[in-house]
Engineer: 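Handing you this structure, nothing more for now.
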Amino acid sequence: MEKALLTLDEFREYLGIGENKALELVKRPHNGFSMKIGNKWFVHKSRLDKWLESECDKY
């Protein structure tokens, strides 16, 4: 079963980015894919994939 939510470390590994860039992306208002539960950030994987597609279409 595939996970719906990725931890910040899983998100970083999935995109191949560093900690600072990952935090910058998840903290962007209205990005549509991140949420904070308690004091931890999580990323909704299917929404992230849709966001990545829309970002790639810009170029």
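As a basis for the values below, the full set of heavy atoms in this structure was taken, side chains included, without hydrogen atoms, waters or symmetry mates.
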Engineer: Establish whether Val43 and Tyr14 are linked, either directly or via other cluster members, by ILVMFWY side-chain heavy-atom contacts under 4.5 Å.
Structural biologist: yes
Engineer: Verify the distance criterion only: is there a donor paired with an acceptor across the side chains of Asn31 and Ser34 at less than 3.5 Å?
Structural biologist: yes
Engineer: Mind running side-chain contact (heavy atoms from CB on, under 4.5 Å) on Arg28 and Glu24 for me, showing each step along the way?
Structural biologist: CA-CA 6 Å; Arg28 281 187 184 168; Glu24 177 187 324; 3.6 Å; yes
Engineer: Can you sort out the partners of Glu19 under side chain to side chain donor-acceptor pair (under 3.5 Å), two or more places apart, ordered by chain and number?
Structural biologist: none
Engineer: Would you say Phe42 and Trp51 are hydrophobically clustered, going by side-chain heavy atoms of ILVMFWY under 4.5 Å?
Structural biologist: no
Engineer: Counting only heavy atoms not in Asn20 (residues, nucleotides, ligands), do more than 12 fall under 6.0 Å from its CG?
Structural biologist: no
Engineer: Would Phe33 and Leu6 show up in the same hydrophobic cluster when neighbours are defined by side-chain heavy atoms closer than 4.5 Å?
Structural biologist: yes
Engineer: Apply side-chain contact (heavy atoms from CB on, under 4.5 Å) to Phe11 and Ile17, showing your working.
Structural biologist: CA-CA 8 Å; Phe11 170 62; Ile17 59 176; 4.2 Å; yes
Engineer: Is the shortest side-chain N to carboxylate O distance from Glu10 to Lys3 below 4.0 Å?
Structural biologist: yes
Engineer: Which atom names give the shortest non-hydrogen contact between Gly18 and Arg12, and what distance separates them?
Structural biologist: C-NE, 3.6 Å
Engineer: Could you check if a side-chain atom of Leu5 sits within less than 4.5 angstrom of a side-chain atom of Met35, using non-hydrogen atoms only?
Structural biologist: yes
Engineer: Please identify each residue that fulfils side chain to side chain donor-acceptor pair (under 3.5 Å) with Lys50, with sequence neighbours left out.
Structural biologist: none
